[in-house]
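Protein chains get the first letters and strands the later ones, always in sequence-line order, with residue 1 at the start of each.
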Amino acid sequence: MTWRDALALALTGVRRRLGRATLTVAAVALAAALLTALLTIAGTAETRVLDELSRGGPLAGIQVAAAEPDPGQVDQDDPEPGPPKVLDDRARRRIAALPEVRSVIPVVTARMYVVAPAERPDGRRLDPFLETAVGIDLSQPSRLPVTVVAGRLPAPGSATEVAVTSGWLERLAIDGGDAATVLGTEIEAAAGRLDGGPGPDAVRGRWVRLEIVGVVAQEAASANLLVPLAQTTAARRWTAAGTDGGRRLGLSPSPYDGLLVVADGLDAVARVRARITEVGYSTSAPENLIASVERYVGVVEIVLTAIGGIALLVAGLGITNALLAAVRERRREIGVLKAIGARDRDVLAVFLVEAAGLGLVGGVLGAAAGYVSARAVGGVVNGYLHEQGLVGVTPGTPVGVLFGVVAGSVALALLGGTLPALRAARLPAREAVGGT
Amino acid sequence: MAGAAVRVEGLTHRFPTRRGPLPVLESVELEIAAGGYASLMGPSGAGKSTLLSLIGGLEPAQHGTVEVGGDRLAGLSRDGLAAFRRRTVGFVFQHFGLLEALTAAENVALACALTGTPRPERRRRTRELLAAVALAERAEHRPAELSGGERQRVAIARALANRPRLVLADEPTGNLDDDSTMRVMGLLESLPAEHGCTLVLVTHDRSLAARAALRLELHDRRLHAAAA
């Protein structure tokens with residue numbers, strides 16, 4: 001008997017007991033859906049948590065401060081830096097040349113006077129205030145520790161766009177869930193410089209009008225305004241051109257306030273940090289935190305997988321039960337098959353094909369349902385996160401998970417079908433006759 | 001194709017039960033000539049179906065020899081017995097033994113498939129066999145849509161699918177009315193002449209048994225020539 005014939009016979013068996021086959025497939029599908037959804041949710045949760053730890057930037061990201069390292073704190077994720085140290089192009093090139101360093105992005109900050117919209121939502125007037133702007137190369141957003149909460153990042157070369165942080169929202173007494181309300185509003189900002197005008201403290205401002213295009217969470221520097229690098233570089237140049245070289249306005253002598261270094265991988269972070277420390281700069285990276293979180297998430301993933309696995313096992317037992325019942329009911333039919341020449345392995349093939357078919361159909365339906373369920377759960381979670389002013393998640397089901405669940409369903413169905421199939425194969429041909 | 005001579009010598013068979021082996025056949029001796037027609041009678045439980053199973057290779061003999069067309073069945077493996085049934089024997093059962101989910105044509109084609117017949121040849125052979133039992137127009141009907149007599153004719157067509165040298169019919173008319181019985185018996189009795197196969201018929205019906213050239217009766221676990 002060919003596999004095609006076995007398949008045809010298995011199909012006729014399923015057609016004859018369509019109700020039972022449907023219930024069996026439903027059990028497998030439910031279990032497969034549960035497993036798919038749990039794996040997707042666990043995977044997404046892991047990504048989300050790690051994203052949060054790295055603020056959307058690469059997990060292998062390292063922040064380099066314009067300061068010497070404190071020898072007593074080099075092993076900490078977020079050490080207190082030592083005394084200030086100039087971070088210039090020479091240092092940048094040295095760090096970029098270190099082994100296992102993928103990229104180095106400079107960070108330049110500037111202190112600016114800001115005139116925000118005249119009134120806050122609660123009606124109180126907001127006086128002009130001093131604020132720090134952080135400028136970075138925004139052409140490589142995936143390498144930045146920046147997460148867009150609402151809107152978008154400023155265009156990399158823009159001189160008129162700015163993104164603000166939650167600290168800005170707090171200043172304006174805007175709830176995190178209403179972050180999008182600041183989009184499109186304009187602010188005026190100015191870098192100052194002492195220019196020897198009337199009075200010893202006469203400051204002249206270089207005013208620019210900026211449109212808020214995004215709300216972000218960023219950890220590039222302690223600042224509430226995020227702008228393209230060119231804006232802060234120009235602001236610093238203006239301040240430095242003052243009569244005192246910008247010293248009285250707090251301008252740092254270091255051309256860069258920090259560097260964002262991306263290592264080749266998570267496991268390279270510790271080594272790269274050690275090398276940068278040897279170069280003489282303080283670094284920070286959430287490597288210990290990420291490792292701990294990964295361990296915890298790993299445990300959660302194992303538990304969720306086990307729950308899905310148990311469900312699949314129960315479904316497998318359902319297949320065993322259904323096929324055992326089928327064998328009991330079809331004793332005479334199996335006997336007839338053997339009487340007309342079917343071998344034990346032909347009968348075995350018919351039942352195994354039937355089991356595999358039930359597992360395959362159940363697995364495919366379940367994987368699809370699990371994928372859809374995970375998307376639905378993701379939608380609900382996104383709604384909640386947006387209400388909280390947080391970045392949403394996109395539940396991604398790896399293709400491997402889908403194939404794995406389908407393959408697992410088929411394998412388990414085959415396992416569950418083995419006993420009934422063997423029992424059917426070992427039935428004596430005499431069952432065809434009955435009696436004495 | 002020539003029919004298969006059947007020779008049984010010293011055949012003894014017991015059914016295993018919880019209270020110990022239950023003797024069914026004792027030292028049965030039987031010889032049917034190739035292309036012959038034998039009937040087998042006996043009360044219920046006498047062992048008629050068991051003897052038919054042993055001759056047809058549905059189960060191995062415990063003691064004694066069964067030889068069909070020169071093939072000794074003793075010592076054949078399960079696969080070996082399956083191959084023997086596939087090559088040599090056609091079965092017709094009282095309960096028809098058709099697969100309910102398959103059409104008449106599919107039931108016949110299944111037997112062809114088991115012999116490894118290629119698909120185009122299967123279709124041709126199936127059409128030919130159903131035409132031979134006058135059921136060509138019912139080929140796509142399932143057993144539930146056929147009368148008892150029609151089902152048994154499909155079963156006969158299936159039994160002939162592998163061009164058997166021996167046809168074993170176990171009370172083939174037990175569930176049929178008189179008209180159907182006559183039609184089915186006409187078909188079966190034509191087999192030795194038209195298909196050259198040996199026919200063994202198990203029946204309770206003395207008048208049908210009497211039509212066979214060799215009439216046998218099982219009682220007290222032994223085989224006897226039937227009274228005329």
Below 4.5 Å, heavy atoms only, C-beta onward: do B:Asn162 and A:Ile340 meet side chain to side chain?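 Sidechains of A:Ile340 and B:Asn162: no contact.
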
Got B:Leu58 and A:Lys338 here, is their nearest side-chain heavy-atom distance under 4.5 Å?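 Result no, sub-4.5 Å side-chain heavy-atom pair not found.
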
Rounded distance [0.5 Å steps], CG in B:Leu54 versus CZ in A:Arg430: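 These two atoms lie 7.5 Å from each other.
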
Looking at CD of A:Glu333 and CG of B:Leu98, how far apart are the two atoms once the value is rounded to the nearest 0.5 Å?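 One gets 10.5 Å once the value is rounded to the nearest 0.5 Å.
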
Going by the salt bridge (Lys or Arg N to Asp or Glu O under 4.0 Å) test, which pairs reach into residues 346-366 of chain A, not counting sequence neighbours?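 Every pair satisfying salt bridge (Lys or Arg N to Asp or Glu O under 4.0 Å) with a residue in residues 346-366 of chain A: A:Arg330-A:Glu354, A:Arg343-A:Asp346.
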
Could you name each residue pair satisfying salt bridge (Lys or Arg N to Asp or Glu O under 4.0 Å) that touches residues 25-38 of chain A, not counting sequence neighbours?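 Qualifying pairs: none.
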
Proximal to chain A - members of residues 70-85 of chain B, heavy-atom separation under 4.5 Å: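 Within residues 70-85 of chain B, near chain A: B:Arg78, B:Asp79, B:Ala82, B:Arg85.
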
Interface moiety of B:Glu106 toward chain A, non-hydrogen atoms closer than 4.5 Å: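 It is neither, since no heavy atom gets under 4.5 Å.
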
So, using ring-ring contact (aromatic ring centres under 6.0 Å, His included) as the criterion, who are the partners of B:His224 when residues are at least two apart?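 B:His224: ring-ring contact (aromatic ring centres under 6.0 Å, His included) contacts with B:His219.
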
Please flag which part of A:Ala6 lies under 4.5 Å from any non-hydrogen atom of chain B: side chain, backbone, both or neither.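 Neither part.
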
What closest approach, in Å, do A:Ala339 and B:Phe93 show between heavy atoms, and which atom pair accounts for it?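 Closest approach of A:Ala339 to B:Phe93: CB-CZ, 3.8 Å.
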
